[in-house]
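Here's the structure we're looking at; comments come further down.
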Amino acid sequence: MKRSVIPREFFCRYTPEVASDLVGCRLVRVIRGRRISGIVVETEAYRGPKDPASHAYRGKTSRNGVMFGPPGHAYVYFTMGMHFCLNVTTEPTGTPGAVLLRAIEPEEGIAVMVKNRGPIAVDRLASGPGNLTKALGIGKELDGEDLVMSDRIFLEHGRMAREIGTSPRVGVSAGRSTRWRFFERGNRFVSRGRPSSPQNP
DNA sequence: TAATGGATGTTCT
DNA sequence: GAACATCCATTAT
């Protein structure tokens, strides 16, 4: 059987381009042999020294080291005292870059996501970076995982996104001038980000 | 429906 | 000691 896992070359490109192309791909998490998955509907791009909003802006540290490594790996970090965020590394080895996965449209394993998140509406199960990692049971034990080789978490070809919208990134004070947030226009699983921010600018 | 602020802990200055 | 790639309940309109 042919695997439809996305190859490493896909991630070895200009980060905003990878972030845009990831919308429509399927994110798969496997726990005890069961698939939990969904279509990626919202992402953000982060680069290196010229991107003041990026963790890699001030160079390599023990936390962000994965961003400087080979493309196609998971960069998982803990934030705001409560939440994990899942990123996919991009660009050639030595060039920092990562795409933050902000929301998915659940497909398989919805019952497991509900168990992880509590009884809430399906369109909010994995909407927002902290909610996504909680729904899929992702923690720092997956930091540095190779998404091309792993059987615990990986990306597959999904479906064609209808239309890609862009906006400034959510929750960052620096780098407001770049529109490096990408989402499927009109999709109800996309997180609102900030209250009252226009979703179809 | 929109705005505000608290919980909570790691990382870096 | 300050900042932080968040989330959600509470408050005001």
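Naming: A, B, ... by sequence-line order, numbering from 1 per chain.
- Salt bridge status for A:R159 with A:E107: absent, with no side-chain N to carboxylate O gap under 4.0 Å.
- A salt bridge links A:E108 with A:R35: at least one charged nitrogen is closer than 4.0 Å to a carboxylate oxygen.
- In this structure, A:L125 atom CG and C:dC7 atom P are separated by 14 Å, rounded to whole Å.
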Pairs: protein N or O with nucleotides 2-6 of chain C N or O, under 3.5 Å:
{"from": "C:dA5", "atom 1": "OP1", "to": "A:H55", "atom 2": "NE2", "distance (Å)": "3.3"}
{"from": "C:dA5", "atom 1": "O4'", "to": "A:Y46", "atom 2": "OH", "distance (Å)": "3.4"}
{"from": "C:dA5", "atom 1": "N9", "to": "A:Y77", "atom 2": "OH", "distance (Å)": "3.4"}
{"from": "C:dA5", "atom 1": "N7", "to": "A:H55", "atom 2": "NE2", "distance (Å)": "3.3"}
{"from": "C:dA5", "atom 1": "N1", "to": "A:N87", "atom 2": "OD1", "distance (Å)": "2.5"}
{"from": "C:dA5", "atom 1": "N3", "to": "A:Y77", "atom 2": "OH", "distance (Å)": "2.7"}
{"from": "C:dT6", "atom 1": "OP2", "to": "A:G171", "atom 2": "O", "distance (Å)": "3.3"}
{"from": "C:dT6", "atom 1": "O2", "to": "A:H83", "atom 2": "NE2", "distance (Å)": "3.4"}

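- Judged by distance alone, the side chain of A:E184 and the main-chain N or O of A:G24 form no donor-acceptor pair under 3.5 Å.
- Closest approach of A:I120 to A:R124, counting heavy atoms only: CD1-O, 3.9 Å.
- In this structure B:dT11 sits in a base pair with C:dA2, meeting the Watson-Crick or G-U test at under 3.5 Å.
- Atom CZ of A:R8 sits about 13.5 Å away from atom CZ of A:F10, to the nearest 0.5 Å.
- Look at C:dT10: its Watson-Crick or wobble partner, with both distances under 3.5 angstrom, is B:dA3.
- Using a 4.5 Å heavy-atom cutoff, the side chains of A:F68 and A:P96 are in contact.
- Computed from coordinates, the A:F78 CZ to B:dT10 P distance equals 7 Å when rounded to whole Å.
- For A:D143 and B:dT10, the CG to C1' distance is 13 Å, given to the nearest whole Å.
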